[in-house]
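Worksheet: the structure to be examined is printed underneath.
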Amino acid sequence: LALAACSTGAPTASSSGSGSAAGGSTNKTIAFVQGVAGDEFYITMKCGIEAKAKELGYTVTTQGPQKFDPTLQKPIVDSVTASKPAALLVAPTDVQAMQAPLQQAAAAGIKVVLVDTTVNDPSFAVSQISSDNIGGGKAAFDAIKGAKPSGGKVLVISVDPGISTTDARVKGFEDAAKADSSFQYLGVQYSHNDPATAANLVSAALQKDPDIVGIFATNLFAAEGSATGVRQAGAKGVTIVGFDAGPNQIKALQDGTVQALVAQQPDTIGSDGVEQADAALTGGSVEKKIQTGFTIITKDNLSGEGGKAAYKST
Ligand code: T6T
């Protein structure tokens, strides 16, 4: 399966602030701040943002912290706020720590659109766009149950507490697992978005409970590490369901290490984000909240619908 590159030819500003006549309708600059750089989910979102921005006549600058970490994301947001783009599309890395910096961006007159993740009080944002993360967690449980109908022990590998998306996925999974008496929910462990940590957590969990039947990994890096952990432990017959569909996850699906992926629609989240920013800037009608869908990818639909839902890697 070839993962297409995003080459929209969209204009990208060479330096922040260039071409931005602060204030007024001549400012056609959008800043995109990713949750983390180099993550195929946010790379694909950038493709969606750039394509829509080109169509609507905006220039985009994209930046992301080296880790999914609010202490690294906050200074990026602060410098974007100082450069006064017309709009800021941002995936906050923590519900609490990113509250004040983003509120300050909005107070400076920048139209803030939350894409993917959110904060505790998002009332300053013109719009919020995200997947149905609770529903995605439940869908992950259903996929494990489909593969292991007689039940057993299930474990969740997540990122860090305080991330709105992955916390919601855990909740959706946990509620569904606890409601089904044939399953035993072993709880959630946090990998800090590091695949090696996720692999170690999974190996240790399999040593303690060799009868684990299913693992739900709540994002790209948790899924990558969980697959490695199961492989290292030499465990056979563990069903892994991962959120997201980057190249490594598709490969693991093809290998048979991972049985299902819950693929989001990051390009739609991005293009919807630009549309909402544009509506807010031009006096159009803005939708406060938009929920995007997902596709369950298995080996069976990889050559069709599932393959189309795979993320771009560049
Ligand atoms: O799952 C996505 C995103 O939705 C989440 O908020 C953080 O992790 C990803 O970027 C995947 O790595």
Side-chain angles (χ1 to χ4, degrees), residues 3 32-49 62-70 72-73 89-95 97-98 102 113-119 122 128-137 139-140 156-173 188 190-198 216-228 240-250 252 258 260-270 272-273 290-297 309-313:
L3 298 171
F32 173 37
V33 176
Q34 299 166 311
V36 62
D39 170 329
E40 289 100 6
F41 172 82
Y42 295 115
I43 291 171
T44 310
M45 191 185 292
K46 175 173 175 269
C47 295
I49 290 172
T62 297
Q63 295 177 74
Q66 287 308 308
K67 286 186 189 165
F68 201 97
D69 179 344
L72 301 180
Q73 192 183 41
L89 270 57
V90 57
T93 44
D94 184 89
V95 288
M98 293 311 294
L102 293 176
V113 177
L114 301 178
V115 282
D116 179 45
T117 44
T118 187
V119 290
Q128 297 186 74
I129 300 130
S130 73
S131 302
D132 173 9
N133 288 295
I134 292 206
V156 178
I157 301 293
S158 195
V159 182
D160 275 308
I163 304 169
S164 63
T165 48
T166 49
D167 283 353
R169 292 168 201 167
V170 173
K171 168 105 176 75
F173 184 92
V188 52
Y190 296 101
S191 64
H192 319 303
N193 222 30
D194 176 28
T197 303
F216 170 40
T218 67
N219 88 337
L220 277 178
F221 303 98
E224 184 179 327
S226 295
T228 308
I240 304 180
V241 176
F243 229 83
D244 298 307
N248 286 329
Q249 288 65 46
I250 297 289
V258 167
L261 300 173
V262 183
Q264 306 186 73
Q265 298 171 346
D267 47 0
T268 304
I269 296 175
D272 285 358
I290 298 177
Q291 195 167 76
T292 52
F294 46 75
T295 306
I296 309 293
I297 313 184
Y311 300 174
K312 298 179 175 94
S313 54

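For ligands, and for the atoms within them, numbers begin at 1 and follow the listed sequence. Residue indices begin at 1 and follow the sequence shown.
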Residue, atom name and distance, where the atom is the protein heavy atom closest to atom 2 (C) of ligand 1: D244 OD2, 3.4 Å
For E224, is there any backbone N or O sitting under 3.5 Å from a side-chain donor or acceptor partner on T228? yes
With heavy atoms of T117 as the reference, note each atom of ligand 1 found under 4.0 Å away. 6 (O)
Who's closest to atom 3 (C) of ligand 1 heavy-atom-wise, of N133, D116, T165, V115? D116
re atom 8 (O) of ligand 1, the protein heavy-atom contact at minimum distance is N219 ND2, 3.0 Å
Proximity to ligand 1 by part of M45, non-hydrogen separation under 4.0 Å: neither
When you measure from the side chain of T117 to the backbone of P92, do you find a donor-acceptor pair of N or O atoms at a distance under 3.5 Å? yes
I'd like the name of whichever of F243, F41, Y42 reaches closest to atom 7 (C) of ligand 1 through any heavy atom. Y42
Looking at L220, which atoms of ligand 1 are within less than 4.0 Å of one of its heavy atoms? 11 (C), 12 (O)
Report, in ascending order of atom number, the atoms of ligand 1 lying under 4.0 Å from any heavy atom of Q264. 1 (O), 2 (C), 3 (C), 4 (O)
With D244 as partner, the option from I297, V262, N219 fulfilling side-chain contact (heavy atoms from CB on, under 4.5 Å) is N219
Between the main-chain N or O of T62 and the side-chain N or O of Q34, is there a donor-acceptor pair closer than 3.5 Å? no
Looking at ligand 1, is there an atom of it that comes within less than 4.0 Å of some heavy atom belonging to T166? no
Need the ligand 1 atom indices (1-based, order shown) with element for anything under 4.0 Å from a heavy-atom of F221. 12 (O)
Are the side chain of S164 and the backbone N or O of T118 linked by a donor-acceptor pair below 3.5 Å? yes
Does the side chain of T166 come under 3.5 Å of the side chain of T218 through a donor N or O and an acceptor N or O? no
Protein heavy atom at shortest distance from atom 9 (C) of ligand 1: D39 OD2, 3.5 Å
Return yes if a side-chain donor-acceptor contact under 3.5 Å exists between T292 and Q265, otherwise no. no
Can a donor-acceptor pair be found, under 3.5 Å and without considering hydrogens, that links the side chain of Y311 to the backbone of A263? no
Are R169 and ligand 1 in contact, using a heavy-atom cut-off of under 4.0 Å? yes
